[in-house]
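Letters A, B, ... mirror the listed sequences (proteins, then strands); counts begin at 1. Quick caveat, the model's predicted, so the values are computed rather than measured.
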Amino acid sequence: MDILKELNPQQRQAVTAPAGPVLVLAGPGSGKTRVLTNRIAYLINQLGAQPYQILAVTFTNKAAREMESRLAKLLDRSVQGIWMGTFHAICARILRREQAYLPFTSSFVIFDDDDQNTLIKRAVKDLNLDEKLYKPTSVRAAISNAKNNLILPKDYPASTYRDEVIARIYERYQTLLISNNAVDFDDLLLYTWKLLEENPTVRDTYSRRLQHILVDEFQDTNMVQYELLRHLASAHNHLFVVGDEDQSIYRWRGADYRNVLRFEEDYPGAQKILLEQNYRSTQTVLDAARAVIDRNRYRTPKRLKALPEHGQGEKLELYEAVDDYGEAAYVVETIQQSVRYGKARAGEFAVMYRTNAMSRLLEEAFLRAGLPYRLVGAQRFYGRREVKDIISFLRLLQNPNDEISLGRVINVPPRGIGDKAQVSLQLAAQAAQTSAGQVLLELAAKGKEAASWEILGRSARLLADVGGLLAAWREQLDTLSLPNLFDRVLNDVGYREYIDDGSEEGSGRWENVQELRRLAVEYEERGLSAFLENLALVSDQDTIPEEAEAPTLLTLHAAKGLEFPCVFITGLDDGMLPHNRALDDPEEMAEERRLFYVGITRAKKRVYLVRAAQRSTYGSFQDSIPSRFLDDIPADKLQNSGARGYSTRRSGSSTTWNDNRSLRGGSYAAPASAGGPPARQAAPVLPARYKPGMRVSHPSWGEGLVIDSRLQDGDETVDVAFESVGFKRLLGSLAKLDILKS
DNA sequence: CCGATGAAACACTGG
DNA sequence: GTTTCATCGG
């Protein structure tokens with residue numbers, strides 16, 4: 001075993017750096033996981049560190065698992081004891097150990113977005129505020145933002161009336177969380193930070209114990225995370241952080257790539273190491289990517305070098321489809337062709353998009369072609385109703401104070417407990433200064449003797465029955481194994497009969513339940529609490545199935561940290577990528593650019609850039625223009641495969657007059673060679689008649705200046721700024737434009 | 001109290 | 001186009 005053998009000089013410098021602050025700026029594909037893994041091995045083997053003295057923070061649970069297994073291979077000895085996981089998982093672990101300092105018990109549950117929204121609605125209602133004005137999602141964003149920036153309710157800046165109100169909602173929301181014995185995602189970080197901030201003894205204990213702290217994807221840390229690291233490292237400053245400003249894509253979650261700059265300021269002696277040797281892509285892919293990212297500012301420029309054996313590689317391929325159906329069809333057919341001609345295996349392809357909504361058409365195209373695919377994210381498994389129901393039952397078992405879960409399943413399956421009964425239950429709980437769950441348990445235990453039996457009136461019996469179920473389950477909490485407990489709950493409530501109505505969806509729902517049960521079996525050893533925590537903290541990226549011989553469909557965000565031989569980036573239109581919401585904010589725009597950069601640099605060999613001249617939004621069709629990022633790719637790195645010009649849109653309306661674009665494209669399409677849609681076909685050579693700078697005249701809009709012109713879909717699209725009506729986009733063949741002078 | 005129906009809102013990225 | 005919420009009749 002030689003930790004240093006397969007490292008290049010920069011990697012070796014990083015791995016063998018003396019204990020102290022180290023900043024590794026690692027370009028895509030430069031082997032940063034290897035650096036992190038070997039660094040840990042080096043700490044243990046050469047610097048005499050014990051595994052339990054090492055904390056390694058990863059971006060996903062999957063990355064943690066991967067690092068663990070690589071490390072086990074690298075070291076002969078067991079790596080048990082290393083703290084490895086996401087910020088959230090590590091914080092949850094600390095919080096469960098330190099309940100003495102916290103306003104909740106160690107059986108706290110973690111609320112997800114839906115739970116948060118429900119709770120915020122409740123807070124808004126409690127404060128008699130207008131629910132239309134204070135929408136849960138927007139309030140949640142404000143609160144989350146505050147938490148990410150270490151702002152507690154009392155410190156929330158009340159600069160506007162709205163902020164003042166949000167501060168009150170925030171405060172109420174925190175109170176509600178605590179009475180539910182619950183925390184949200186941001187709380188995991190915030191409470192841990194607060195714990196270390198306010199209790200120097202606790203801070204020192206952790207900091208002295210965790211002698212070496214390593215952080216992956218450092219560019220995507222936010223302020224709480226940064227401050228948390230400072231506290232944890234306060235006794236020694238042994239912080240080894242690895243990141244790349246160019247791959248920071250979680251700004252909306254509070255991530256700030258400028259933490260990389262702050263790190264250099266806060267730790268002046270920090271070693272800075274740049275990893276520029278790329279082990280993944282061809283030089284062409286790297287050059288194209290660099291041309292895109294070099295337009296961003298406030299970063300360390302990097303010159304990524306490909307391995308000589310990877311060679312120059314193929315040009316990036318650009319395809320402009322007539323509409324989004326054509327876009328999907330192109331993706332599917334290109335994959336089929338490549339597989340058929342043995343150029344690549346199906347599993348070597350990834351199809352990336354900006355928004356999950358875009359996956360639908362792609363999935364349909366794959367289904368129609370009979371081509372299997374694997375989908376990452378989107379309708380999350382854990383977001384499905386039946387899965388959430390069962391999780392709610394289990395959460396309630398662990399923590400009867402969880403009113404959100406109770407509200408979710410108290411009447412599942414329907415057992416006659418409607419709104420009215422639930423409201424009186426709330427009132428009874430309030431009167432008794434306790435939670436609804438406790439009232440249920442009391443009803444079950446004492447029956448008619450219970451204090452609230454009278455108040456509840458007719459529904460008391462029904463509520464007591466639910467309480468009885470809950471009490472019975474809780475008695476078994478320590479005796480039954482997790483899978484048995486799972487079955488017991490399902491049996492007692494008759495859940496299968498409730499969701500599996502014999503229909504196709506019904507058995508699909510039951511299938512999901514069984515999937516969840518399989519997971520419960522895996523957690524038999526660790527128990528309910530660990531099971532629930534894992535359910536809350538797993539991410540989409542953790543659930544990417546490996547080694548399946550099928551193309552992967554995923555968002556650009558989910559693609560971070562992955563690599564594929566062939567990558568499609570779809571939706572390369574202004575408004576999609578860059579996304580509409582980024583168009584008027586330079587910081588957001590820079591992030592969209594990084595997102596595109598991340599997409600390109602996932603590719604080992606081939607990149608397909610795809611756009612659609614028209615796409616459906618909300619049901620109606622809209623024209624789009626090519627993404628501005630496409631202009632930044634040097635022409636000699638790009639191969640334009642032109643417009644194929646047909647759509648697989650099924651509606652019969654494709655021949656209506658206003659659809660002349662698809663028609664026009666269609667008329668240029670090559671005669672179908674052997675049935676089916678025509679194979680890839682270059683656009684016909686059509687001279688551009690208009691050039692930027694020309695003065696033109698239009699019969700109704702008068703004179704104007706040509707801003708831009710390009711050939712697409714077999715026609716010429718001309719952008720003209722008219723003196724009378726301003727900016728207009730015209731089709732060369734239709735518009736009656738006269739050229740006045742060039 | 002329950003399920004069906006129709007209107008209205010609606011989707012950027014995710015631990 | 002899809003999903004979620006409110007309303008209505010049973």
Considering only [options], which nucleotide approaches the side chain of [X] most closely?
| X | options | answer |
| --- | --- | --- |
| Asp113(A) | dT13(B), dG1(C), dG14(B) | dG14(B) |
| Ala558(A) | dG15(B), dG14(B), dT2(C) | dG14(B) |
| Arg140(A) | dG14(B), dT13(B), dA11(B) | dG14(B) |
| His579(A) | dG14(B), dC12(B), dG1(C) | dC12(B) |

For [X] and [N], what is the distance between atoms [atom1] and [atom2] respectively, to the nearest whole Å?
| X | N | atom1 | atom2 | result |
| --- | --- | --- | --- | --- |
| Asn148(A) | dG14(B) | CG | P | 16 Å |
| Tyr250(A) | dG15(B) | OH | C1' | 9 Å |
| Gln225(A) | dG14(B) | CD | C1' | 13 Å |
| Ile249(A) | dG14(B) | CD1 | C1' | 10 Å |
| Arg408(A) | dT4(C) | CZ | C1' | 13 Å |
| Leu361(A) | dG1(C) | CG | P | 12 Å |
| Arg360(A) | dT2(C) | CZ | C1' | 8 Å |

Asn117(A) CG to Arg122(A) CZ distance, which is reported to the nearest 0.5 Å:
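CZ of Arg122(A) is found 13.0 Å from CG of Asn117(A).
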
Partner residues of Arg581(A) under the side-chain contact (heavy atoms from CB on, under 4.5 Å) criterion, sequence neighbours left out
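For Arg581(A), the residues satisfying side-chain contact (heavy atoms from CB on, under 4.5 Å) (neighbours in sequence not counted) are His579(A).
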
With Leu150(A), which residues qualify under side-chain contact (heavy atoms from CB on, under 4.5 Å), at least two apart?
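With neighbours one apart ignored, the set is Leu190(A), Trp193(A), Met223(A), Val224(A), Glu227(A).
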
So, using salt bridge (charged side-chain N to carboxylate O under 4.0 Å, His left out) as the criterion, who are the partners of [X] when residues are at least two apart?
| X | result |
| --- | --- |
| Arg140(A) | Asp113(A) |
| Glu197(A) | none |
| Arg97(A) | none |
| Arg415(A) | none |

Who pairs with Phe111(A) by ring-ring contact (aromatic ring centres under 6.0 Å, His included), at least two apart in sequence or on another chain?
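Checked Phe111(A) against ring-ring contact (aromatic ring centres under 6.0 Å, His included); zero matches.
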
Would Lys388(A) and Asp112(A) pass as an ion pair if we require N to O under 4.0 Å?
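Looking at Lys388(A) and Asp112(A), the cut-off is met.
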
With a 4.0 Å cutoff (strictly under), does any side-chain N or O of [X] reach OP1 or OP2 of [N]?
| X | N | value |
| --- | --- | --- |
| Asn356(A) | dT13(B) | yes |
| Arg581(A) | dC12(B) | yes |
| Thr555(A) | dG14(B) | yes |

Using the test side chain to side chain donor-acceptor pair (under 3.5 Å), find all partners of Asp402(A) that sit at least two apart in sequence or belong to another chain.
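With sequence neighbours excluded, Asp402(A) shows a side chain to side chain donor-acceptor pair (under 3.5 Å) to Arg395(A), Ser405(A), given in chain and number order.
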
Please enumerate all residues that pass side chain to side chain donor-acceptor pair (under 3.5 Å) together with Arg258(A), with sequence neighbours excluded.
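Checked Arg258(A) against side chain to side chain donor-acceptor pair (under 3.5 Å); matches are Asp256(A).
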
DNA chain B contacts among residues 181-191 of chain A, heavy-atom distance under 4.0 Å
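Listed by number, they are Phe185(A), Asp186(A).
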
Reading nucleotides 5-10 of chain C 5' to 3', which nucleotides get B (base under 4.0 Å from a protein heavy atom), which S (sugar-phosphate only), which -?
------

If a protein heavy atom is under 4.0 Å from the base, mark B; if only from the sugar-phosphate, S; if neither, -; do that for nucleotides 1-9 of chain B going 5' to 3'.
SSS------

Say we look at dT4(C) and dT13(B): how far apart would their C1' atoms be, to the nearest angstrom?
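These two C1' atoms come out 22 Å apart once rounded.
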
For His557(A) and dT13(B), are the ring centres under 5.5 Å apart with planes inclined under 30°?
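No, His557(A) does not stack on the base of dT13(B), since the centre distance and plane angle fail the 5.5 Å and 30° test.
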
Given Gln116(A) and Lys121(A), is the side chain to side chain donor-acceptor pair (under 3.5 Å) satisfied, shown in steps?
CA-CA 9 Å; Gln116(A) 287 183 57; Lys121(A) 261 188 230 158; over 6 Å; no

